[in-house]
Amino acid sequence: MEKIHPNCWNEHGELKTVMVCSPSSVDVPDQRTADYVGWEKAVNQEKAKENHEEMKRAMEDAGVRVIDYSDHLTDDVSDLNQQLINRVYVRDLACVYGNTVIPGDAGTTMRAPEYVHSHELFQTWFDEKTFSIQDNNRLKALENGDVFVLNRDTVFINTGLRSSIESIEALKGKIFQAGFSEIGIIDLPRTGETMHLDMNCNVAGGNLLIAKSYMRLFPVQIVSEKGGRYVMMEEFIKRQGFDVLWTDDIKHTVADINFLNLDPETLLISTKANKSILKDHPLLKGKKLIEVDVNELEKGGGGIRCMTLPFERQE
């Protein structure tokens, strides 16, 4: 496989390389089963695979190199991996902090095998300086849907349902070592609808954050190598050079807010997204919206951002 050069210092730079994983081979046949496994609705995986191919094509048509990690699994783990229904949600597996790939840690044991399989692959893709599989040994749950790399200085992390404050404490030295000077930590409600940070807010281009209105009531703990302090979320975000669009119009969380920046002016969004939100601010004027049908995939509780792990963005 052609060498990957991890490089992510923000959420909006032109996407050059992204990792995905095709959906599981196992259907979630009815609502009762969906409730047991924490999904919104029953899912037909053949339809889900059609959706996933459409999403991949949209990114490839935009010039993005798309890597499906399931294509690279060895036979001894491939049979198990294709039965893991959450494997499509690759965002949680790791995060690229600048030029460093740091592994996550599953917040539920149902997802643990995906982390092991992908991290073992990463060992073959990256050198030890870029990725160390030992970096999550001290973690007690850190799913990277809870992480935003805002800019070259600052990372924003939620400690909530699937990520622990103990894990952030264990990882902060590695994040500083990767080149960042501060970490903003927020503690959001522990519910299915607010499971990860990217189910509550998202970066739209280089200078705007779209967020559910309730988040303005939460403080953010700013941690640096020199110490820490608290500020309210709006002050924290504006200090990073972003304006904030607070909205109460998010009705379908994963469709409305879990989009992906393809470049500073282009968003990859769900056909079910409430597009009025994406036009409700002067900084959104002129944004190009590429729509893809990911409805069957969204029934599992994750959207386009959840299903993509950027490896390389051009600044």
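Everything numeric in this text was worked out from a predicted model, so none of it was measured.
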message = Taking the basic N atoms (NZ, or NE/NH1/NH2) and the acidic carboxylate oxygens, is any pair closer than 4.0 Å for Glu312 and Lys16?
response = no
key: Test log, rule salt bridge (Lys or Arg N to Asp or Glu O under 4.0 Å), inputs Glu182 and Arg239   = CA-CA 12 Å; Glu182 67 177 28; Arg239 283 183 62 248; 3.5 Å; yes
task = Starting at CD1 of Ile185, measure out to CD1 of Ile183 and round the result to the nearest 0.5 Å.
result = 6.0 Å
message = Salt bridge check, Arg57 against Glu54: does any charged N sit closer than 4.0 Å to a carboxylate O?
response = no
task = Would you indicate whether the side-chain heavy atoms of Leu283 and Asn207 approach each other to under 4.5 Å?
result = yes
ask   = In terms of side-chain heavy atoms, does Asn200 have a donor or acceptor partner in Thr194 at a distance below 3.5 Å?
value = no
ask   = Between Leu73 and Ile4, is there a shared hydrophobic cluster once you connect ILVMFWY residues whose side-chain heavy atoms come closer than 4.5 Å?
value = yes
message = Salt bridge or not between Lys140 and Glu169? Use side-chain N to carboxylate O under 4.0 Å.
response = no
remark   = All heavy atoms of Asn144 vs all of Gly104, minimum pair found to be ND2-CA, 3.5 Å
task = Nearest 0.5 Å please: distance from the CZ atom of Arg152 over to the CG atom of Asn10.
result = 9.0 Å
key: Donor-acceptor pair, side chain of His52 and main chain of Cys21, under 3.5 angstrom   = yes
message = Return the CG to CD1 distance between Asp198 and Ile304, rounded to the nearest 0.5 Å.
response = 12.0 Å
message = For Asp293, is there any backbone N or O sitting under 3.5 Å from a side-chain donor or acceptor partner on Asn51?
response = yes
message = Using a 6.0 Å cut-off, check whether atom OH of Tyr214 has over 12 heavy atoms from anything other than its own residue.
response = yes
request  = With side chain to side chain contact (heavy atoms under 4.5 Å, CB included) as the test, would you mind laying out the steps for Cys201 and Met215 before giving the verdict?
outcome  = CA-CA 9 Å; Cys201 64; Met215 293 182 71; 4.0 Å; yes
Derivation of the side chain to side chain contact (heavy atoms under 4.5 Å, CB included) call for Leu284 and Leu245 = CA-CA 10 Å; Leu284 292 169; Leu245 170 58; 4.1 Å; yes
query = Just by distance, with hydrogens left out, do Asp263 and His12 show a side-chain donor and acceptor under 3.5 Å apart?
reply = no
ask   = CZ/Phe156 to CD1/Ile222 distance, rounded to the nearest 0.5 angstrom?
value = 10.0 Å
ask   = Quick one: do Arg111 and Glu114 make a salt bridge, cutoff under 4.0 Å?
value = yes
query = Should Asp187 and Arg190 count as an ion pair when the cut-off is N to O under 4.0 Å?
reply = yes
ask   = Looking just at side-chain N and O atoms, do Ser132 and Gln134 make a donor-acceptor pair shorter than 3.5 Å?
value = yes
task = May I ask you to decide if the ring planes of Phe131 and Phe126 are parallel, tilted or perpendicular, using 30° and 60° as cut-offs?
result = tilted
inquiry  = I'd like to know if Lys238 and Glu234 make a salt bridge, using a cut-off of under 4.0 Å between side-chain N and carboxylate O.
reply    = yes
inquiry  = Does the plane of the ring in Phe311 sit parallel, tilted or perpendicular to the ring in Trp125? Use 30° and 60° as the thresholds.
reply    = perpendicular
message = Looking at every non-hydrogen atom in both residues, tell me the closest pair between Ser167 and Ala141 and how far apart they are.
response = OG-O, 3.0 Å
ask   = Any Lys/Arg nitrogen of Glu143 or Arg91 sitting under 4.0 Å from an Asp/Glu carboxylate oxygen of the other?
value = no
query = In Å and rounded to the nearest 0.5 Å, what is the OG to CD1 distance from Ser270 to Ile257?
reply = 13.0 Å
key: Pair Lys47 + Glu50: basic N to acidic O under 4.0 Å   = no
ask   = Taking 4.0 angstrom as the limit, do Arg313 and Glu14 come out as a salt bridge?
value = no
message = Is there a path of hydrophobic side-chain contacts, each under 4.5 Å between heavy atoms of I/L/V/M/F/W/Y residues, joining Leu15 to Leu309?
response = no
query = Quick one: OG1 on Thr247 to NZ on Lys212, what's the gap to the nearest 0.5 Å?
reply = 10.5 Å
message = In this structure, is the centre-to-centre distance between the rings of Tyr69 and Phe122 below 6.0 Å?
response = no
